[in-house]
Amino acid sequence: MTPIESTTPAISKSDKVNLMVVTNRQPSHNPALLYSGFRGDQNYYNDIDVSIPPATNRKAGRIQWPQNRQPNPEKEFATLRVNSLDDAAFNKWIAEKSTQYDGNFLVFVHGFNTPYDGGVFLLAQIVHDSNMKDAPILFSWPSRGKILAYDYDRESATYSRAALADLLEKLIKNENVHHVNIFAHSMGSWLTMEALRTIKLQDGLISPKINNIILASPDIDIMVFKNQYYDLGTNLPPISILVSKNDEALKMSRVIGGNIDRLGLVDFSKEPYKSAVNSVNMSVIDVTAVKGGGASEHLKFSESPEIVKLIGEGLINGQQLSESDGNINDKLGILITGGAKEIVKGVGKVQKKRKRFSF
């Protein structure tokens, strides 16, 4: 994998995606690599442009990694520009994007085994392929980006709770921000729930600016998630969970975690989980039947073009699916369960009476 660089290769017909990247990684000593997998002691802000190869040279859902220090933008993902920002410049970016995106922002939190450039290119790919209507922000926590560094990454996610909470608080308190949607993958889902729990403990509530929460293939102990959810209190935004019973990465995580079910593997069509999820403002989208996601079936949320569009055009904008969405169900073979499934497209949030998520 070629390190992300601040050089500008030649570009012709490629598409461009602009991202804000907020990271608590340690800056790299390698001049060709912006940030390492080591833990830093503050948040850094970078305004980044990424080019995506034209449709004639690329399939939706795929990242075409650069093969050398000078990538070909017509065939490979490439970094066009990187600007390091201070707090004032970060707020200026927020103000500009607020005008462009009507005050709507997305915070994406990557998962395990993700280096800095991997998270940048992954979010750029999702933004490009999904027709997303939110200004994209990546929170890049210090994953080592190595398959054998699971324990290190889990500790890094713990280390990053306050850093992610700080970013979310900055957005919540910014008058130019109207809505914040959170989209997290794998171990990033655990980090997201912990950061929200940190905010709840600090502020006493989750701000109504938090519009929607999406957890894709969440690598969270199901018992831990139950307590996290309950600790967040009342009047939560809808939570959408993408699960797959053939996710090999989560099966390995279950073994490492003492054979306790991971949230992204749970079959919510069966008891006691079915009753639990039906009692709260949460929907579960079972994408087991959807093809894609690599050998481990862990990346369906980004590699399946249909799922990417489902997320970008619907879920991220706070629109829940209903069982009457026949075209989606028939095409993808997904199963929808949960107490928030009655919320249909184009309709605002429905606040259900608070019940304990229990089983």
Side-chain angles (χ1 to χ4, degrees), residues 16-24 43-50 83-110 119-141 160-185 188-189 191-193 195-196 198-200 203 205-216 232 236-240 301-302 308-320 348-349:
K16 184 176 73 172
V17 174
N18 177 247
L19 308 171
M20 173 60 62
V21 184
V22 181
T23 184
N24 65 329
N43 278 346
Y44 297 91
Y45 304 91
N46 288 277
D47 178 7
I48 297 181
D49 286 339
V50 176
N83 283 341
S84 295
L85 308 180
D86 58 16
D87 282 347
F90 171 71
N91 288 331
K92 182 179 178 181
W93 185 91
I94 293 293
E96 292 172 351
K97 293 301 177 180
S98 177
T99 300
Q100 183 179 351
Y101 291 93
D102 295 327
N104 297 312
F105 291 81
L106 170 79
V107 174
F108 176 67
V109 186
H110 64 71
V120 171
F121 287 162
L122 177 58
L123 181 54
Q125 176 250 311
I126 294 170
V127 170
H128 179 270
D129 293 348
S130 69
N131 297 321
M132 187 186 303
K133 306 303 182 185
D134 292 10
I137 299 174
L138 167 66
F139 180 74
S140 181
W141 54 276
S160 302
R161 292 178 295 189
L164 176 54
D166 179 72
L167 167 61
L168 295 175
E169 289 275 35
K170 283 182 182 296
L171 295 174
I172 289 169
K173 294 175 181 178
N174 191 308
E175 62 181 9
N176 292 305
V177 176
H178 301 154
H179 295 110
V180 178
N181 295 306
I182 304 174
F183 180 23
H185 176 234
S189 299
L191 169 55
T192 294
M193 293 297 291
L196 290 171
T198 298
I199 291 173
K200 173 60 167 59
D203 300 347
L205 53 80
I206 301 299
S207 169
K209 282 191 176 183
I210 303 294
N211 188 55
N212 200 33
I213 301 167
I214 304 170
L215 308 178
L232 294 185
L236 294 181
I239 297 179
S240 300
F301 78 99
S302 66
V308 171
K309 285 190 175 294
L310 173 68
I311 292 170
E313 296 179 356
L315 295 178
I316 282 178
N317 296 316
Q319 300 169 352
Q320 299 295 318
K349 270 185 271 182

Handout entry: Spacing of I213 atom CD1 and L232 atom CG [to the nearest 0.5 Å]
Key = 7.0 Å

Problem - By side-chain contact (heavy atoms from CB on, under 4.5 Å) - contacts of A95 (at least two apart) - result: N176

Handout entry: D86 (side chain) donor-acceptor with A88 (main chain) under 3.5 angstrom
Key = yes

Exercise for the section: Any salt bridge (charged side-chain N to carboxylate O under 4.0 Å, His left out) involving residues 121-132? Give me the pairs, sequence neighbours left out, ordered by first then second residue. Expected result: R58-D129

Practice task
Using the test side-chain hydrogen bond (donor to acceptor under 3.5 Å, both in side chains), find all partners of K200 that sit at least two apart in sequence or belong to another chain.
Solution key: none

Fill in the blank from the handout: Separation between CD1 (I182) and CG (L106), nearest 0.5 Å, reads 9.0 Å

Completion exercise
Rounded to the nearest 0.5 angstrom, the OG1-CD1 distance for T99 and I94 is 11.5 Å

Practice task
Output yes when a side-chain donor or acceptor of H110 lies under 3.5 Å from a complementary backbone atom of W141, and no otherwise.
Solution key: yes

Problem - By side-chain hydrogen bond (donor to acceptor under 3.5 Å, both in side chains) - contacts of S160 (at least two apart) - result: N24

Problem - For Y45, all residues meeting ring-ring contact (aromatic ring centres under 6.0 Å, His included), sequence neighbours excluded - result: F90

Practice task
With rounding to the nearest 0.5 Å, note down the distance linking CG in N181 to CG in N104.
Solution key: 7.0 Å

Practice task
Please name the pair of heavy atoms, one in L167 and one in N43, separated by the smallest distance, quoted to 0.1 Å.
Solution key: N-ND2, 4.4 Å

Exercise for the section: Search all heavy atoms of L171 against all heavy atoms of K209 and return the closest pair with its distance. Expected result: O-NZ, 4.1 Å

Completion exercise
ring-ring contact (aromatic ring centres under 6.0 Å, His included) filter on F108, not counting sequence neighbours, yields F183

Problem - Selection residues 160-172 - residue pairs positive for salt bridge (charged side-chain N to carboxylate O under 4.0 Å, His left out), sequence neighbours left out - result: R161-E194

Handout entry: Partner of L164 under side-chain contact (heavy atoms from CB on, under 4.5 Å), chosen from L196, T192, V22, I199
Key = T192

Problem - Results of side-chain hydrogen bond (donor to acceptor under 3.5 Å, both in side chains) for S302 - residues two or more places apart only - result: none

Problem - side-chain contact (heavy atoms from CB on, under 4.5 Å) against N91, all qualifying residues, sequence neighbours excluded - result: N174

Handout entry: Close side-chain approach of D102 to H178, heavy-atom, < 4.5 Å
Key = no

Problem - For H185, ring-ring contact (aromatic ring centres under 6.0 Å, His included) partners two or more places apart - result: H298, F301

Handout entry: Minimum side-chain heavy-atom gap V50-V127 below 4.5 Å
Key = no

Fill in the blank from the handout: Shortest non-hydrogen pair, P136 vs W93, comes out as O-CH2, 3.6 Å

Fill in the blank from the handout: Here the gap from I137 atom CD1 to K97 atom NZ, rounded to the nearest 0.5 Å, amounts to 10.5 Å

Exercise for the section: Please answer whether the main-chain N or O of V17 pairs with a side-chain N or O of H128 as donor and acceptor at a distance below 3.5 Å. Expected result: no

Fill in the blank from the handout: Tightest non-hydrogen contact, residues A184 and S189, listed as O-OG, 3.5 Å

Handout entry: Residue list, side-chain hydrogen bond (donor to acceptor under 3.5 Å, both in side chains) with E175, at least two apart or on another chain
Key = none

Exercise for the section: Determine the minimum heavy-atom distance between T23 and S140, stating which atoms define it. Expected result: OG1-O, 2.6 Å

Problem - side-chain contact (heavy atoms from CB on, under 4.5 Å) partners for S84, two or more places apart - result: N46

Problem - Given D49, V120, L138, the one that forms side-chain contact (heavy atoms from CB on, under 4.5 Å) with L19 - result: V120

Practice task
Work out which heavy atom in D134 is nearest to a heavy atom in F105; give both atom names and the distance.
Solution key: OD2-O, 3.6 Å

